[in-house]
Amino acid sequence: MGQLDTRRAVGCELCVQDGGTLVLRGNKLRVIRAADADHPAFYRVIWNDHVAEWTDLPPEDRSWIMRAVAKVELTLREHLKPTKVNLASLGNVVPHLHWHVIARFDWDARWPAPVWAPVQREVTNAEQRLLVPLAELDQLVAKAVDSLAP
Ligand SMILES: [Zn+2]
């Protein structure tokens with residue numbers, strides 16, 4: 001992917017920070033968990049190099065990141081039995097390619113609205129409601145994504 005200085009963009013927070021609790025760092029992408037008390041099982045798959053759009057990647061890398069997204073989604077489905085998984089790639093605020101993978105529950109604070117919508121109800125113990133502790137979930141997610149590595 002080009003010269004070193006094209007991989008980092010000045011002022012881009014995802015070029016200089018992990019962007020959350022680091023779950024797994026791979027050669028091409030990393031997985032972090034966002035700090036969101038209302039939606040505790042909120043992961044992001046972040047491309048390491050600075051690209052804005054998914055189609056800025058060559059086809060094999062597009063497939064690679066989506067395979068990682070699928071591994072995260074499958075792990076959340078298997079271990080948390082969520083009502084729904086939300087996938088999103090927005091990047092309007094930080095135009096550095098990342099996919100949100102969020103386990104949603106019919107009891108969560110914004111259900112059935114998007115996680116960015118106004119709160120619908122007060123939920124004070126979201127993390128404790130998960131079927132698996134977050135530290136264990138992080139390990140399961142890391143193991144699943146790491147299994148993609150050749
Ligand atoms: Zn960036």
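What you see is a predicted model, and the numbers here were worked out from it, not measured in a lab. Each ligand, and each atom within it, is numbered from 1 in the order the structure gives.
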From His96 atom NE2 to His50 atom NE2, the distance as rounded to the nearest 0.5 Å: 7.0 Å

Aromatic ring pairing Phe105/Trp107, orientation class (parallel under 30°, perpendicular over 60°, tilted between): parallel

N-O pairing of Arg8 and Asp49 below 4.0 Å: yes

Full working for side chain to side chain contact (heavy atoms under 4.5 Å, CB included) between Arg30 and Asn48: CA-CA 7 Å; Arg30 62 188 181 270; Asn48 287 334; 3.1 Å; yes

Asn27 CG: over 12 foreign heavy atoms closer than 6.0 Å: no

In the protein, N/O/S atoms that are found under 2.8 Å from the Zn ion (ligand 1), waters not counted: Cys12 SG, Cys15 SG, His50 ND1, His96 ND1

Salt bridge (charged side-chain N to carboxylate O under 4.0 Å, His left out) against Lys28, all qualifying residues, sequence neighbours excluded: Asp61

